[in-house]
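Below you'll find the structure, written out as structure tokens, and then a few comments.
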2 protein chains.
Amino acid sequence: MPDEEGHPEPGEMELGKVLAALADPLRRRVVTELAAGPEGEARTCSSFALPVAKATVTHHFRTLREAGLIRQVNRGNSRMATLRRSEIEQRFPGLLALLLAEDARHRP
Amino acid sequence: MPDEEGHPEPGEMELGKVLAALADPLRRRVVTELAAGPEGEARTCSSFALPVAKATVTHHFRTLREAGLIRQVNRGNSRMATLRRSEIEQRFPGLLALLLAEDARHRP
DNA sequence: CACAAGGTACGATGCAAGTCGTACCCAGGA
DNA sequence: TCCTGGGTACGACTTGCATCGTACCTTGTG
């Protein structure tokens, strides 16, 4: 399984797919946590502790990857996920700020 | 059927519902057309000429209304739809600009 | 009044999405 | 070398969504 697979170019990212990906609360949580963390942070899928089975976690991360929101690369026996921050900001300006603002609204 | 029905307050608008509503291309088109038009513009459902049956149009406008994106009021024998511009901008700053920018990208 | 126009309500259908269990793979460490 | 941990692949199930036809309601108009 090659590293560069299912990662659309910034120009190929579709707003419909991005919005559909972010409509799911679990996927939105992943993106929000990455956006709230430091630039370039790489985390494993399991580090998010999503309350679903392993196969479901894989499904959600594939959806995020194919929408262009995250990048996944193999590193050793793990698969690290990073937020495609600059590409998202260039293609959909203000989107990440929107998610962070909404997140801050729910944890006082 | 009363006018004020299924219209959430700005504080009750849920990002998940809003994103799910905007993930559909037909619904996104309605919001984008309203956002591109003048402030306070009121249009009938049929004026958008969506390429689906009447019952489907009703379904899409209900989804938009329940997400809080549009307001529908009875006027004569029609039901006028207006964009809840200020509420959206207050609750999700930059969202409408995002939709307009994406729309401009697709019509040169 | 009768009729057309704009919408809604209801039920049905087909398809996509979220979820899971199981089996499997691959890299690292005991 | 075997085993464990992190992920994936596949198939199955269930729910939700978009779509439609039909019937119905309401308002305005000829």
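Order of the sequence lines fixes the chain letters, A, B, ..., with proteins taken first and strands second; residue numbering starts at 1 for each chain.
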_Distance test, side-chain N/O of R62(A) to OP1/OP2 of dA9(D), below 4.0 Å_ = yes
Using the 3.5 Å cut-off, write out each protein N or O paired with an N or O of nucleotides 18-23 of chain C and the distance between them.
unit_1: dG18(C); atom_1: OP1; unit_2: R27(A); atom_2: NH1; d: 3.3
unit_1: dG18(C); atom_1: OP1; unit_2: R27(A); atom_2: NH2; d: 2.7
unit_1: dG18(C); atom_1: OP2; unit_2: R27(A); atom_2: NH1; d: 3.3
unit_1: dG18(C); atom_1: OP2; unit_2: H59(A); atom_2: NE2; d: 3.0
unit_1: dT19(C); atom_1: OP2; unit_2: H60(A); atom_2: NE2; d: 2.4
unit_1: dC20(C); atom_1: OP2; unit_2: A53(A); atom_2: N; d: 2.8
unit_1: dC20(C); atom_1: OP2; unit_2: T56(A); atom_2: OG1; d: 3.4

- Step through the shown structure and confirm whether more than 12 heavy atoms of other residues, nucleotides or ligands are within 6.0 Å of CZ on R105(A). yes
**Study point:** Beyond-backbone contact of V31(B) with I88(B), side-chain heavy atoms, under 4.5 angstrom
**Key:** no
**Asked** Between M80(B) and L64(B), is there a shared hydrophobic cluster once you connect ILVMFWY residues whose side-chain heavy atoms come closer than 4.5 Å?
**Response** no
Sub-3.5 Å pairs of nitrogen or oxygen atoms, protein against nucleotides 27-30 of chain C:
none

Check: Salt bridge between E39(A) and R85(A), side-chain N to carboxylate O under 4.0 Å?
Finding: yes
Exercise. Are OP1 or OP2 of dT27(D) and a side-chain N or O of S78(B) less than 4.0 angstrom apart?
Worked result: no
Within the distance-only criterion (no hydrogens, no angle test), does the side chain of E41(B) pair as donor or acceptor with the backbone N or O of T82(B) below 3.5 angstrom?
no
Can you hop from V18(A) to L100(A) via hydrophobic side chains spaced under 4.5 Å?
no
Whole-Å distance, N74(A) CG to dC25(C) P, equals 17 Å
With sequence neighbours left out, the residues meeting ring-ring contact (aromatic ring centres under 6.0 Å, His included) with F92(B) are none
Notebook entry, point to check: Would you say the side chain of R43(B) lies within less than 4.5 Å of the side chain of F48(B), judging by non-hydrogen atoms?
Noted result: yes
Rounded to whole Å, CZ of F61(A) lies from P of dG6(D) at a distance of 13 Å
- prompt: Using a cut-off of less than 4.0 Å, is there contact between a side-chain N or O of R79(B) and OP1 or OP2 of dT8(C)?
  reply: yes
- Task: Mind checking T58(A) for me? I need base, sugar-phosphate or nothing, with any heavy atom below 4.0 Å counting as a touch.
- Result: base
In whole angstroms, the gap separating P of dG6(D) from CZ of R43(A) amounts to 14 Å
Q. Got a salt bridge between R71(B) and E87(B), using NZ or NE/NH1/NH2 to carboxylate O under 4.0 Å?
A. yes
Taking any heavy-atom pair under 4.0 Å as a contact, classify S46(A): base, sugar-phosphate, or nothing. sugar-phosphate
